[in-house]
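The shown structure was predicted, so the numbers you read here are calculated from the model rather than taken from an experiment. This chain uses plain numbering: 1 for the first residue, then up along the sequence. Below, each value reflects all heavy atoms present in this structure, side chains not excepted, and no hydrogens, waters or symmetry copies.
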Amino acid sequence: MKGHTSHKNILIFGSGPLGLMTYDVFKNDPSKSFEVIGFLDIDAIEEHKTVEGLKVYDLSEVTSDFVEEKSIEQIVIAVQNVETAVLLDRCIQLSNLNLDLKIIPPIGEFVALEQIKDLKVDDLLSIKPSFDINPTLIDTYENQVLMITGAAGSIGSELTKMLFQYGHKALILIDTAESPLYNLQQELIQKGISNFKVVVADIRDYNRMDHVFNLHKPKVVFHAAAYKHVPLMEEHPYEAVQVNVVGTKNIASLSVKHGVDKFIFISSDKAVNPTNVMGATKRIAELYINCLKGKGQTKLITTRFGNVLNSSGSVVPLFKKQMDAGGPITVTHRAIERYFMTISEACHLILEAGSMGNGGEIFVFDMGKPIKIYDLAKLMIKLSGHRFPEDIDIKISGLRPGEKFNEELLTKDEHAKSTYHQKIRIAQSKPLPTEAIELKILELCEKASKLQNLELVASIKAIVPEYVSNNSIFEILDSTKKKL
């Protein structure tokens with residue numbers, strides 16, 4: 001730093017109303033312990049923009065040389081209504097400058113300088129964009145019987161909580177995970193909510209699910225139940241087929257049979273050019289739903305998006321546990337990167353897509369720029385108050401079975417069409433031979449229990465020809481295919 005001053009030079013990250021409120025708090029501080037050098041915008045800005053006579057800098061201008069020249073010691077985050085992935089990306093860039101990152105408390109609580117605190121990862125995850133209640137969503141979900149499979153999971157439970165604002169007639173919550181479903185039930189009861197019903201049931205059991213549909217007569221079905229962990233499903237392809245393919249076939253077919261208005265399937269970016277069993281079975285589920293188009297009045301809708309931050313089994317809670325144990329944090333490869341979105345952001349877009357869908361669409365969510373997992377790990381170490389690598393190191397553990405470096409949201413045969421929502425696009429592709437595909441899928445479901453793992457995965461690859469295994473015992477099937 002150049003020279004010595006009795007105050008700290010800071011930048012305020014955010015030039016909107018919250019940033020101005022933060023500036024006023026610093027300006028009115030009697031001790032004059034801080035001097036605001038300027039503002040920093042979340043995105044690229046117009047040249048020469050100023051606020052309160054201070055320059056608003058673009059992130060690209062805040063380099064190590066800039067920090068040294070201006071003797072900047074802190075950056076105070078004062079933003080709201082910003083996407084988590086965007087904020088994470090900016091914080092990763094800022095953390096490399098070795099500055100203290102601070103954050104103000106939630107709007108409505110911030111009145112004094114001493115309330116500004118060190119930034120933590122949980123602060124980033126708790127900043128949520130504000131979602132206006134779209135009248136179309138009210139028309140779709142109000143006074144309806146709604147059903148959610150996988151209701152006790154990260155996506156299912158958040159959908160549950162969001163849907164209560166739309167005044168539905170009843171909400172049917174289905175899961176096989178008894179304890180998490182019980183916990184969700186108790187949480188809703190404590191909030192005074194009564195127009196819901198929890199059902200312990202298995203989507204793989206067609207007759208049981210037929211009974212549930214017949215009993216409750218849902219009009220909108222959210223199908224979130226799935227097996228999602230890539231390495232586990234690489235070891236247990238039969239289970240992946242049973243849940244992700246057979247289970248989806250059951251719920252989608254029953255939705256058509258019982259005249260459900262809308263069936264909304266929660267897919268994954270791992271279904272695009274899959275390199276693992278999990279992604280390939282989710283792609284087969286997408287294909288089966290496409291095969292049902294036009295077979296009844298049900299509007300069949302698919303949503304496709306990437307990783308959900310802080311969900312069960314995701315990297316953020318895993319990294320927290322590893323840090324609590326003293327490290328190291330394990331990352332499979334320095335180059336691995338993923339799209340990220342918070343649970344609330346993803347669920348809001350699911351509800352939006354469900355309301356706008358007319359049937360047959362695959363809605364793809366714009367998740368911004370992918371984030372390197374290694375950079376996320378370094379940020380979490382810094383924000384936890386530790387130093388990297390002195391206190392907590394990062395261990396490169398090697399690619400897991402089925403893992404790939406980069407995920408995609410569109411196949412090579414798809415292109416994206418925009419919708420009225422800036423974060424939602426529609427994947428459009430050439431027509432598929434649905435009769436032949438449906439026949440193969442039904443055959444897979446029928447014979448899966450009789451096949452060994454290699455035979456089963458070979459059958460999956462026959463339905464999804466773009467499925468090429470990576471770092472997996474099933475690569476032998478691809479090499480065999482190349483020789484033929």
Between [X] and [Y], is there a side-chain N and carboxylate O pair less than 4.0 Å apart?
| X | Y | answer |
| --- | --- | --- |
| Glu403 | Arg338 | yes |
| Glu83 | Lys423 | yes |
| Lys299 | Glu361 | no |
| Glu443 | Lys440 | no |

Quick one: ring-ring contact (aromatic ring centres under 6.0 Å, His included) pairs with a partner in residues 409-450, sequence neighbours left out?
-> none
Enumerate the residue pairs fulfilling ring-ring contact (aromatic ring centres under 6.0 Å, His included) with a member in residues 354-391, sequence neighbours excluded, ordered by first and then second residue.
-> Phe305-Phe365
[X]: side chain to side chain donor-acceptor pair (under 3.5 Å) partners, not counting sequence neighbours:
| X | answer |
| --- | --- |
| Asp122 | Lys320 |
| Gln74 | none |
| Lys262 | none |

Output all residues satisfying ring-ring contact (aromatic ring centres under 6.0 Å, His included) with [X], sequence neighbours left out; order by chain, then residue number.
| X | answer |
| --- | --- |
| Phe213 | His258 |
| Phe474 | none |
| Phe405 | His333 |
| Tyr206 | none |

Could you walk me through whether Thr63 and Asp65 pass the side chain to side chain donor-acceptor pair (under 3.5 Å) test, one step at a time?
-> CA-CA 5 Å; Thr63 63; Asp65 290 341; 5.1 Å; no
Do any pairs count as a salt bridge (Lys or Arg N to Asp or Glu O under 4.0 Å) and have a residue in residues 226-252, sequence neighbours left out, and if so which ones?
-> Arg204-Glu239
Could you report the tightest heavy-atom contact between [X] and [Y], atom names first, then the distance?
| X | Y | value |
| --- | --- | --- |
| Pro370 | Glu337 | CG-OE2, 3.8 Å |
| Asp41 | Val56 | CG-CG1, 3.7 Å |
| Ala252 | Ile289 | CB-CG1, 4.3 Å |
| Val308 | Thr342 | CG1-C, 3.9 Å |

Taking the side chain as every heavy atom from C-beta outward, state whether Thr281 and Met233 have any atom pair closer than 4.5 Å.
-> no
Near [X] [atom1], under 6.0 Å, is it more than 12 heavy atoms from other residues, nucleotides or ligands?
| X | atom1 | answer |
| --- | --- | --- |
| Gln452 | CD | no |
| Lys293 | NZ | no |
| Glu187 | CD | yes |

Distance (rounded to the nearest 0.5 Å) between Asp375 CG and Met380 CE | 13.5 Å
By salt bridge (charged side-chain N to carboxylate O under 4.0 Å, His left out), Asp118 pairs with (sequence neighbours left out) Lys102
Under the salt bridge (charged side-chain N to carboxylate O under 4.0 Å, His left out) test, residues paired with Glu414 that sit two or more places apart | Arg304
Would you check if the distance from the ring center of Phe164 to the ring center of Tyr141 is below 6.0 Å?
-> no
Working for side chain to side chain donor-acceptor pair (under 3.5 Å), residues Glu286 and Thr302 = CA-CA 7 Å; Glu286 289 185 355; Thr302 294; 5.9 Å; no
Go through Lys382 and Asn96 one step at a time and tell me if the side chain to side chain donor-acceptor pair (under 3.5 Å) criterion holds.
-> CA-CA 10 Å; Lys382 178 179 174 60; Asn96 293 327; over 6 Å; no
Take Asn273 and Glu408 through the test side chain to side chain donor-acceptor pair (under 3.5 Å) and record every step on the way to the result.
-> CA-CA 8 Å; Asn273 299 322; Glu408 306 157 271; 3.2 Å; yes
